[in-house]
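Just so you know, these numbers use all the heavy atoms, side chains as well, and skip hydrogens, waters and symmetry mates.
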Amino acid sequence: MHPFRFGAMVGRAASRREWLDQVRTAEDLGYSTVFISDHFSDKLAPLPALAMAAENTSLNIGTLVLANDFRHPAVLAKEAATVDLLSEGRLELGIGTGWDEVDYAASGIRKDPPRIQVDRFEEAVVVLRESWSEGPVDFDGEHYRIHHEGLPKPGEDRPTLLIGGGGRRMLGIAARYADIVGISAGEITNRTELRARLVRAGEVMDAKIGRVREVAAERFEGLEINILTFGLEVGDRRHGAEKLARAWDTEPEAILASPHFLVGSPEEIAAVLVERRERWGINYPVIQQQSLEAFAPVMELLSGS
C-alpha cells in the first residue's frame with residue numbers, strides 16, 4: 001500500500017510573483033506536487049509555468065491532465081523530456097484524451113468521436129514512452145508516423161506518467177502503461193451525468209478500480225491511484241455535505257459517498273481517506289487551490305502514513 005501524498009491544483013496567476021507565491025505556499029503547507037490543468041481558460045500554460053515552479057521550489061510538478069488532442073506526441077515528448085531533465089526528474093506528466101466541449105469550440109480544434117480519440121491517445125502514449133527510451137523513435141500507426149532520434153532524452157529515468165480517465169478503455173490503457181492512474185468522474189461540466197454517478201459513487205469506483213486491477217495484474221501493487229477533489233468542507237460534517245449538495249445539485253448522502261468530495265473535521269476526513277485507500281488504493285488526492293490551507297491539518301494527521 002502506497003503512503004499518502006497530496007497534490008495542489010493551482011495555476012491562476014497574473015504575475016511571476018503571484019505564481020511563485022502559490023507554489024511556495026503549497027510547498028510550505030506540505031503538498032508534494034503542484035498540478036496545472038489544461039483548458040483554454042485563464043490558467044497559465046502548464047509546462048512553462050511548471051518549469052519555473054521547479055526552478056524555485058523542491059516540489060514535484062505535474063499536469064492534470066494535458067489533452068492529447070491539443071498536442072502532437074512528438075512535440076510533447078520533446079517538451080516533457082526537456083522539463084524533466086531540467087527539473088532533475090520531478091515531472092509527473094498527466095495526459096488524457098481531452099473532453100471539454102468548451103475547449104474545442106474556443107480553439108477550433110475538432111473533437112472526434114470517443115473511439116477515435118482513445119485510439120489516437122493509445123498511440124500517443126506509445127510514442128511518448130518510446131521517445132523517452134534509449135535509441136531512436138520508429139513508430140508507424142494509424143494516426144501518427146514518427147521517425148527521429150527522440151532527443152533530448154529525459155533525466156536518469158523517464159518522466160513519471162499519469163494517465164487520467166474514467167471509461168473502461170482508458171482505464172485499461174492506464175493499467176498497462178501508467179505509473180499513476182488518475183480516476184476521473186466523467187465530464188464534470190455535465191452535471192446530469194455527474195449527479196447520476198454521485199448517487200452510486202461507491203459502486204462506480206469499485207468497478208473502475210476493478211478494471212484497473214484486472215488489466216494491470218501484477219503491476220497493480222506498484223501503481224499509485226490519484227483523484228481530483230471537486231469540493232472540500234472542513235468543519236461540521238452534515239452542514240458541509242448539505243452545502244456541497246446544494247452547489248452540485250445532488251443529495252448530501254451522495255456527497256458523503258463520493259471519493260471526489262471531502263467533508264468533516266480534520267480527524268473525520270483523515271479517517272475517510274484511510275478507508276478509501278484501504279478499499280480502492282487511493283493514496284494521492286489532489287486539492288483545489290482555494291482549499292489548500294483548509295486541508296493542511298488533514299495532511300498533518302496523515303504525515304508518514
Side-chain angles (χ1 to χ4, degrees), residues 1-9 29-33 35 64 162-166 171 174-175 178-186 188 194-216 219-245 247-248 250-288 291-305:
M1 185 176 295
H2 287 281
F4 282 112
R5 62 188 183 119
F6 300 95
M9 178 65 86
L29 289 171
Y31 291 88
S32 73
T33 311
F35 284 103
L64 198 69
L162 186 160
I163 293 179
L171 291 171
D179 305 296
I180 305 168
V181 178
I183 305 291
S184 74
I188 64 173
L194 181 59
R195 191 161 55 242
R197 289 171 181 265
L198 287 176
V199 170
R200 52 191 185 90
E203 173 191 340
V204 170
M205 186 58 72
D206 284 341
K208 289 178 178 179
I209 296 300
R211 171 63 173 168
V212 174
R213 186 184 294 275
E214 172 192 19
V215 176
R219 293 189 75 239
F220 184 80
E221 295 304 319
L223 296 177
E224 290 194 276
I225 306 297
N226 168 287
I227 193 166
L228 177 62
T229 301
F230 296 158
L232 169 76
E233 288 292 330
V234 179
D236 180 78
R237 184 172 169 82
R238 187 67 193 179
H239 176 75
E242 290 172 350
K243 180 179 178 180
L244 287 170
W248 289 83
T250 189
E251 299 300 322
E253 290 72 22
I255 294 294
L256 294 172
S258 171
H260 293 278
F261 294 89
L262 292 169
V263 186
S265 68
E267 293 77 12
E268 288 172 325
I269 293 174
V272 165
L273 287 170
V274 170
E275 291 173 4
R276 291 174 181 173
R277 184 176 62 174
E278 291 176 353
R279 180 174 178 181
W280 296 310
I282 299 170
N283 73 297
Y284 197 176
V286 178
I287 307 301
Q288 303 277 5
S291 300
L292 297 183
E293 291 193 22
F295 186 74
V298 181
M299 288 195 293
E300 290 182 18
L301 291 170
L302 294 173
S303 177
S305 63

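Between M9 and the choices L228, L292, T229, T33, the side chain to side chain contact (heavy atoms under 4.5 Å, CB included) rule is met once, by L228.
How far CD1 of I269 is from CG of L301: 10.0 Å, rounded to the nearest 0.5 Å. In this structure, CG on L232 lies 10.0 Å from CD on Q288, to the nearest 0.5 angstrom. A distance of 8.0 Å separates CE of M299 from CD1 of I287, quoted to the nearest 0.5 Å. Here the CG atom belonging to D179 is positioned 8.0 Å from the CG atom belonging to L223, to the nearest 0.5 angstrom. How far CG of L302 is from CG of L273: 6.0 Å, rounded to the nearest 0.5 Å. Taken from CD in E233 to CD in E242, the straight-line distance is 11.5 Å, to the nearest 0.5 Å.
Partners of A207 according to the side chain to side chain contact (heavy atoms under 4.5 Å, CB included) rule, which considers only residues two or more places apart in sequence or in another chain, do not exist here. Scored by the side chain to side chain contact (heavy atoms under 4.5 Å, CB included) test, E224 finds H2, R5, I180, N283, Y284 as partners (sequence neighbours excluded). For R213, the side chain to side chain contact (heavy atoms under 4.5 Å, CB included) criterion is met by F220, E221, not counting sequence neighbours.
Looking at P259 and I282, their side chains come closer than 4.5 Å, going by heavy atoms from C-beta outward. Under the 4.5 Å side-chain criterion, counting only non-hydrogen atoms from C-beta, N226 is in contact with V286. Using a 4.5 Å heavy-atom cutoff, the side chains of I183 and W280 are not in contact. Counting heavy atoms from C-beta outward, F261 and T250 have side chains that stay 4.5 Å or more apart.
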Verify side chain to side chain contact (heavy atoms under 4.5 Å, CB included) between L262 and R276, making sure each step is shown before the conclusion.
CA-CA 11 Å; L262 292 169; R276 291 174 181 173; 3.3 Å; yes
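The shortest heavy-atom contact between P266 and V298 is CA-CG2, 3.8 Å. Taking every heavy atom of both residues into account, A294 and V234 meet most closely at O-CG2, 3.5 Å. Residues S258 and A201 come closest through the heavy atom pair CA-CB, 3.5 Å.
K208 contributes no side-chain N or O that, together with a main-chain N or O of G165, makes up a donor-acceptor pair within less than 3.5 Å. Side chain of R238 to main chain of P252: no donor-acceptor pair is present (N/O by atom type, distance under 3.5 Å, no hydrogens or angles). No donor-acceptor pair under 3.5 Å is formed between the side chain of S265 and the backbone N or O of G235.
Salt-bridge annotation for E268 and R237: absent, with no side-chain N of the basic residue lying under 4.0 Å from a carboxylate O of the acidic one.
Within a 6.0 Å radius of CD in E293, no more than 12 heavy atoms belonging to other residues, nucleotides or ligands are found.
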